[in-house]
Visitor: 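What follows is a structure written as structure tokens; I'll ask about it next.
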Amino acid sequence: MLHRLARGHQRRYAGYQVAVSSPQGRFTAGAAAVDGRVLVRAEALGKHLLHVYGPDLVVGVHLGLYGTVTAHPLPVEPPRGQVRMRMVGPTQCDDLRGPASCELLTDAEVAALRARLGPDPLRRDADPDRAWSRLSRSRAPLATLLTDQTVLAGVGNVYRAEVLFRHGLDPMRPGRELRREQWEALWADLVGLMRHGARRGRIDTVLPEHDPVRTGRAPRRDRHGGEVYVYRRAGQPCLVCGTEVATAGLGGRNLYWCPRCQPPAAR
DNA sequence: GATCTATGTAGAT
DNA sequence: TCTACCTAGATCG
């Protein structure tokens, strides 16, 4: 989703002067620093959105759980609700609400961010081997590793539940018990699913054209509009085998899986 | 109208 | 492992 956002900003703002403000008042100084400048580039790095205005002049946004960006046509209307940052370009206006962070970054801080994050399946410069070297040495559960942004950047709670389901992998299986070919299939699937998601603007994990699981049943639509197998379907029948989808808290997030389709590996 | 929940992360304990 | 934090829509009464 963030990549889709970044592409939109790149298309609609890059190369143009942008009026930046903070109607809510919590990003006033940062907004003033870039207000009226030409946006050089917008890009996504994992779940981070970067607006590059110049050397040491980068606005870094992390939406967190609740953050949203909404686009509006011109002319500009008075902001509604808590608008942390408003950008006005030649053709439209974007309002940012509720981000976990929105701050001015130096180039060194951006470099540190790049160094900290694992490969992002949506970036062409991603090196999946970096993730494999972490994963294949870790005793942590796959479910933990997939959403660890220092292992893989950009994968969230929906993709982790869904990709593990699609590959019949037990979420609690230690990373180091994953075989190399299983990892390669997992990575390739993430790239495909996330590209599809970035194009469509929603998370679909039941894809007719590329689907390791043939359910023969109508997929289920989740509240975000995407089509999923197990995410937020606790207690409902698995779309493949009919077993109740299980749920458990893991690291403060809800995990969902099918105990029958994703059994613990035999030892 | 109150309460709950959420595609997340950092920092304290 | 926990708690805080940012906001809005869904759900409950």
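The chains referred to below are lettered A, B, ... by the order of the sequence lines, with proteins before strands, and numbering in each begins at 1.
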Visitor: Atom CG of A:L49 to atom C1' of B:dG8: distance rounded to whole Å?
Guide: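 Distance check: A:L49 CG to B:dG8 C1' gives 15 Å.
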
Visitor: Is a salt bridge present between A:R7 and A:E43, judged by a nitrogen-to-oxygen distance below 4.0 Å?
Guide: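 Salt bridge flag = no for A:E43 with A:R7.
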
Visitor: Could you please name the option among C:dA8, B:dT5, B:dT9 that lies closest to any side-chain atom of A:H62?
Guide: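 Looking only at heavy atoms from C-beta outward on A:H62, the closest nucleotide is B:dT9.
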
Visitor: Taking atom CZ as the centre, does A:R139 end up with more than 12 heavy-atom neighbours from other residues, nucleotides or ligands that are less than 6.0 angstrom away?
Guide: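 Atom CZ in A:R139 is not crowded, with 12 or fewer foreign heavy atoms closer than 6.0 Å.
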
Visitor: How long is the line joining CG of A:L63 and P of B:dA6, in whole Å?
Guide: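 After rounding, the gap between these two atoms is 18 Å.
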
Visitor: Could you state the atom-to-atom distance from NZ of A:K47 to C1' of B:dA6 in whole Å?
Guide: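 Taking atom C1' of B:dA6 as the reference, NZ of A:K47 is at 13 Å.
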
Visitor: Rounding to the closest angstrom, what is the interatomic distance between C:dA8 and B:dA10 at atom C1'?
Guide: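 To the nearest whole Å, 23 Å.
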
Visitor: Distance between the P atoms of B:dT9 and C:dG9, in whole angstroms?
Guide: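 Per the computed distance, 22 Å lies between those P atoms.
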
Visitor: Side chains of A:Y229 and A:R166, heavy atoms from C-beta outward: is any pair under 4.5 Å?
Guide: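 Yes; the side chains approach each other to less than 4.5 Å.
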
Visitor: Partner lookup for B:dT13, please. Criteria are Watson-Crick or G-U wobble with both distances under 3.5 angstrom; report none if nothing qualifies.
Guide: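 Matched B:dT13 with nothing under the 3.5 Å cut-off.
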
Visitor: Take atom CE of A:M85 and atom C1' of C:dC6, then tell me their distance rounded to the nearest Å.
Guide: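 After rounding, the gap between these two atoms is 15 Å.
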
Visitor: C:dG9 P sits how many Å from A:R80 CZ, rounded?
Guide: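 One finds 10 Å between P of C:dG9 and CZ of A:R80, rounded.
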
Visitor: Within the 4.5 Å heavy-atom criterion, are A:V151 and A:R130 side-chain neighbours or not?
Guide: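 Contact flag for A:V151/A:R130 side chains = no.
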
Visitor: Which listed nucleotide (B:dA6, C:dT7, B:dG8) is nearest to the side chain of A:R84?
Guide: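 Of all the options, the side chain of A:R84 is nearest to C:dT7.
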
Visitor: Should A:N157 be listed as having a side-chain N or O under 4.0 Å from OP1 or OP2 of B:dA6?
Guide: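 For B:dA6, OP1/OP2 do not have a side-chain N/O of A:N157 under 4.0 Å.
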
Visitor: Atom OH of A:Y256 to atom C1' of B:dA6: distance rounded to whole Å?
Guide: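 Computing the A:Y256:OH to B:dA6:C1' distance gives 9 Å.
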
Visitor: Would you tabulate the nitrogen or oxygen pairs shorter than 3.5 Å linking the protein to nucleotides 10-13 of chain B?
Guide:
none

Visitor: A:Y66 stacking on C:dT7: centroids under 5.5 Å, ring planes under 30°?
Guide: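 Stacking is present between C:dT7 and A:Y66, given that their ring centres fall under 5.5 Å apart and the planes under 30°.
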
Visitor: Taking B:dT13 as the reference, what is the distance to C:dC5 when you measure between their P atoms (whole Å, please)?
Guide: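 That atom pair is separated by 13 Å.
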
Visitor: Give none if B:dT3 has no partner; otherwise give the nucleotide forming a Watson-Crick or G-U wobble pair with it, both distances under 3.5 Å.
Guide: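 Across all strands, the one nucleotide that pairs with B:dT3 is C:dA10.
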
Visitor: Answer whether the closest heavy-atom distance between the side chains of A:H51 and A:M85 falls below 4.5 Å.
Guide: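 A side-chain contact under 4.5 Å exists here.
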
Visitor: If you check every side-chain atom of A:Q149, which of B:dA6, C:dC6, B:dT9 has the closest atom?
Guide: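 Of all the options, the side chain of A:Q149 is nearest to B:dT9.
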
Visitor: Inspect the surroundings of CZ in A:R114 and state if more than 12 heavy atoms from other residues, nucleotides or ligands are less than 6.0 Å away.
Guide: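 Enclosed.
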
Visitor: Using a cut-off of 4.0 Å on non-hydrogen atoms, how would the nucleic acid contact of A:Q24 be classed: base, sugar-phosphate, or nothing?
Guide: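 The residue A:Q24 makes sugar-phosphate contact but no base contact.
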
Visitor: Applying side-chain hydrogen bond (donor to acceptor under 3.5 Å, both in side chains), can you list everything that pairs with A:D94, at least two apart in sequence or on another chain?
Guide: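 Result, side-chain hydrogen bond (donor to acceptor under 3.5 Å, both in side chains) vs A:D94: A:H9, A:Y13, A:Q92.
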
Visitor: Please report, rounded to the nearest Å, how far the C1' atom of C:dG9 is from the CZ atom of A:R97.
Guide: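 Checked: the CZ to C1' distance equals 13 Å.
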
Visitor: When the distance from CZ of A:R253 to P of C:dT3 is rounded to whole Å, what number comes out?
Guide: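 Rounded to whole Å, this separation is 17 Å.
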
Visitor: Output yes when a side-chain donor or acceptor of A:S138 lies under 3.5 Å from a complementary backbone atom of A:A140, and no otherwise.
Guide: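 Side chain of A:S138 to backbone of A:A140: a pair is present.
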
